[in-house]
J.: 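A single structure is presented below for examination.
Note that this is a predicted model, so its numbers are computed, not measured.
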Amino acid sequence: MFEWAYAGVNASIPRNIGPECANYLSMKRRVIETLLVSVYIILLIIWSLKRMTLPKTVPYVQQTRYGKIILLTIMSIVFGIEIGFKLAGKTFVYILNPCHIFTIAEIYLLANSPVITAIFRLVISGLNGPILAYAFPETDCRPMFMDKAIYYIQHGLMAVIPYYLIKLEGAYSIEPLFDMSWTIFGYALNLAYHFWILQIVGMFVQVNLSHMLCPAILDPFEGQNYRLWATCHQLLCIPLLYKLFCLSSNFSLTKFHFQKVKSYLDNILMNKFFKFKYTSKNHEVSEGCQNTHKQYE
C-alpha cells in the first residue's frame, strides 16, 4: 500500500534498508531501550516545562522584509524540489527525517505569524542536524548531481535562516544564556521523535530512518549500545550548538560594523549585566539631579 513511499530506497547501500538492518537489534532490546529512554524523555520534559518561559509581550511587526521573502522563496523552492526528487524516486519516506521536519518549521517561521517564539527556539535546538549532515554527508542514495546539490543547499539554508531571523529580533528572541530549559526541551523532543516516530515507521517499512534501525558505517559508537551512546553525546551536542549559536550571533551582531544592529541583543549574553549597568547609570543621573535640586532649595 505504501510502497510508493519507500520502494525506491537503494538496497545496495549497506545498512540502508532490509531485514538485516531491521534485525541489528533484537526486538527485546528495542523495547527495553525505548521504555528506558521514554522515562528519560518524560522526566526531561517535566523538568523543562517547569522552567520554560516566554516573553509576556512580544513586539511583532507585520512589516515586509525582503530578506524574509527571498529566503522563504528559496527555501520553499529547494524543499519543493527535494520533495519532487523523493516522489519521483519512490523514497518519500525520507521526508520524515528530522532535517526535513525542521525545514518545514523554518518555512513557517519565515512566513508571517505572531506565534513563533517557541518554534524559533526549538528550531535552534535542531542545528545539530545540518552540522552532522555536512560532517557526515550521506549522498550515496542520491545518484543525480542536482539531487546531491539540493542536499547541501537545504542543510546550508537551515543554518542561515535562524541567524537571519535572530537579527530581526522581536518575536525571534532567545532565552538568557544560562537558561537551559529550552535546549533541554528541544533535546527531549528530538529523542521522542526518533524513538516514538522514526523507529516505529522504520521498523514497519524496514528503512533505516535517521539510523534508528542500525548504526551508520562511519558511526564511531557502532555496536549494540550505539543508540544509547547517541542519546548521551547528543545531550552534549544539542545544548552546546544551541549556546554557541547564541554567543556567535551576539558577537557578530554587536561587534562587526557591517552586521551590528545594537549594543547587545536582548536575552543573550550578559543581558542582566547590561540592564543593571544602564539602570545604575540612569539611577545615578537621577540621584544627581535630585541632589542638585535639593542644594538649591
Side-chain angles (χ1 to χ4, degrees), residues 1-25 30 34 71-111 119 122-123 125-159 161 189-219 227 230:
M1 180 179 179
F2 296 101
E3 290 185 358
W4 59 271
Y6 64 89
V9 177
N10 193 343
S12 65
I13 300 175
R15 300 180 183 177
N16 201 32
I17 188 175
E20 183 179 355
C21 183
N23 296 325
Y24 185 86
L25 298 176
R30 289 187 183 279
T34 302
L71 284 174
L72 175 62
T73 303
I74 294 175
M75 182 58 109
S76 299
I77 293 174
V78 168
F79 193 59
I81 295 173
E82 176 76 356
I83 292 175
F85 277 125
K86 284 177 168 41
L87 287 172
K90 295 184 178 181
T91 59
F92 191 73
V93 68
Y94 285 130
I95 207 68
L96 293 174
N97 278 339
C99 284
H100 293 132
I101 302 302
F102 281 109
T103 296
I104 295 172
E106 289 189 353
I107 291 175
Y108 174 80
L109 288 176
L110 288 168
I119 296 177
L122 293 177
V123 163
S125 71
L127 287 177
N128 63 317
I131 299 297
L132 292 174
Y134 272 90
F136 305 99
E138 296 182 348
T139 57
D140 294 338
C141 57
R142 298 170 180 257
M144 292 182 288
F145 170 79
M146 188 61 182
D147 199 0
K148 292 182 179 180
I150 289 295
Y151 171 91
Y152 289 105
I153 294 173
Q154 178 191 343
H155 287 96
L157 285 171
M158 287 181 64
I161 288 173
L189 291 185
N190 193 296
L191 285 180
Y193 185 73
H194 277 77
F195 278 88
W196 299 349
I197 304 297
L198 295 182
Q199 178 179 216
I200 294 174
V201 175
M203 288 296 295
F204 179 73
V205 299
Q206 293 191 343
V207 175
N208 193 20
L209 296 174
S210 199
H211 304 292
M212 284 305 294
L213 301 189
C214 58
I217 297 295
L218 299 177
D219 193 336
R227 300 200 305 181

J.: Side chains of L72 and I107: closer than 4.5 Å at any heavy-atom pair?
T.: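 L72 vs I107: side chains touch.
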J.: Mind listing the closest non-hydrogen atom pair of Y151 and A133 along with its distance?
T.: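 Reported closest heavy-atom pair: OH-O, 2.9 Å.
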J.: Go through it in stages, so that I can follow the logic: the residues are Y94 and Y6, the test is ring-ring contact (aromatic ring centres under 6.0 Å, His included), and I'd like the CA-CA distance, side-chain angles, deciding distance and then a yes or no.
T.: CA-CA 8 Å; Y94 285 130; Y6 64 89; over 10 Å; no
J.: How far does NE2 of H194 sit from CG of L189, to the nearest 0.5 angstrom?
T.: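 One finds 12.0 Å between NE2 of H194 and CG of L189.
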J.: Are any non-hydrogen side-chain atoms of C21 and Q206 less than 4.5 angstrom apart?
T.: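 SC-SC contact between C21 and Q206 ruled out.
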J.: Taking the side chain as every heavy atom from C-beta outward, state whether P130 and F102 have any atom pair closer than 4.5 Å.
T.: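 Heavy-atom side-chain distance check fails, nothing below 4.5 Å.
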J.: Rounded to the nearest 0.5 Å, how far apart are CD1 of I81 and CD1 of I153?
T.: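 Those atoms lie 8.0 Å apart.
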J.: Heavy atoms only: give me the nearest T34-R227 pair and the separation to one decimal.
T.: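 Shortest heavy-atom separation between T34 and R227 comes out as OG1-NH2, 4.3 Å.
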J.: If I compare all heavy atoms of V123 with all of A105, which pair ends up nearest, and what's the gap?
T.: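 Minimum heavy-atom separation between V123 and A105: CG2-CB, 3.6 Å.
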J.: Would you check if L96 and Y193 make a side-chain contact, meaning some heavy-atom pair closer than 4.5 Å?
T.: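 They are in side-chain contact.
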J.: Ignoring hydrogens, what is the shortest heavy-atom contact between P98 and L198? Give both atom names and the distance.
T.: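 So the two residues come closest at CD-CD1, 3.8 Å.
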J.: I need the N190 CG to L122 CG distance, nearest 0.5 Å.
T.: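 One gets 10.5 Å once the value is rounded to the nearest 0.5 Å.
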J.: Find the distance between OG1 (T91) and CG (N16) and round it off to the nearest 0.5 Å.
T.: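 Nearest 0.5 Å value for the OG1-CG distance: 10.0 Å.
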J.: Decide yes or no for M158 and M75: does some side-chain heavy atom of the first lie under 4.5 Å from some side-chain heavy atom of the second?
T.: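 A side-chain contact under 4.5 Å exists here.
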J.: Do you know which two heavy atoms are closest between G202 and L213, and how far apart they sit?
T.: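 Distance-wise, the nearest heavy atoms are O-CD1, 3.4 Å.
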J.: How far apart are the closest heavy atoms of Q154 and T103, and which atoms are they?
T.: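 Heavy atoms only, the tightest pair is NE2-OG1, 2.9 Å.
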J.: One pair to check against side-chain contact (heavy atoms from CB on, under 4.5 Å): I83 and K86. What are the steps and the verdict?
T.: CA-CA 5 Å; I83 292 175; K86 284 177 168 41; 5.7 Å; no
J.: Quick check for you: to the nearest 0.5 Å, what is the distance between F204 atom CZ and Q199 atom CD?
T.: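 Answer for the CZ-CD pair, F204 versus Q199, is 15.0 Å.
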J.: Go through the steps to decide whether N10 and D140 satisfy the test side-chain contact (heavy atoms from CB on, under 4.5 Å), and finish with yes or no.
T.: CA-CA 9 Å; N10 193 343; D140 294 338; over 6 Å; no
J.: Which word best sums up how the rings of Y134 and H155 line up, parallel for under 30°, tilted for 30 to 60°, or perpendicular for over 60°?
T.: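 Answer is perpendicular, since the angle exceeds 60°.
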J.: side-chain contact (heavy atoms from CB on, under 4.5 Å) for I74 and L157? Distances and angles first, verdict last.
T.: CA-CA 9 Å; I74 294 175; L157 285 171; 3.8 Å; yes
J.: Are any non-hydrogen side-chain atoms of I217 and F136 less than 4.5 angstrom apart?
T.: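 Side-chain contact under 4.5 Å: no.
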J.: CG of N208 to CZ of R15: how many Å apart, nearest 0.5 Å?
T.: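 Atom-to-atom, N208:CG and R15:CZ are 9.0 Å apart.
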J.: Report yes if the side chains of V9 and C141 come closer than 4.5 Å at any heavy-atom pair, otherwise no.
T.: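 No, their side chains stay 4.5 Å or more apart.
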J.: Within the 4.5 Å heavy-atom criterion, are R142 and F85 side-chain neighbours or not?
T.: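 Heavy-atom side-chain distance check fails, nothing below 4.5 Å.
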J.: Go through it in stages, so that I can follow the logic: the residues are L87 and W4, the test is side-chain contact (heavy atoms from CB on, under 4.5 Å), and I'd like the CA-CA distance, side-chain angles, deciding distance and then a yes or no.
T.: CA-CA 8 Å; L87 287 172; W4 59 271; 4.1 Å; yes
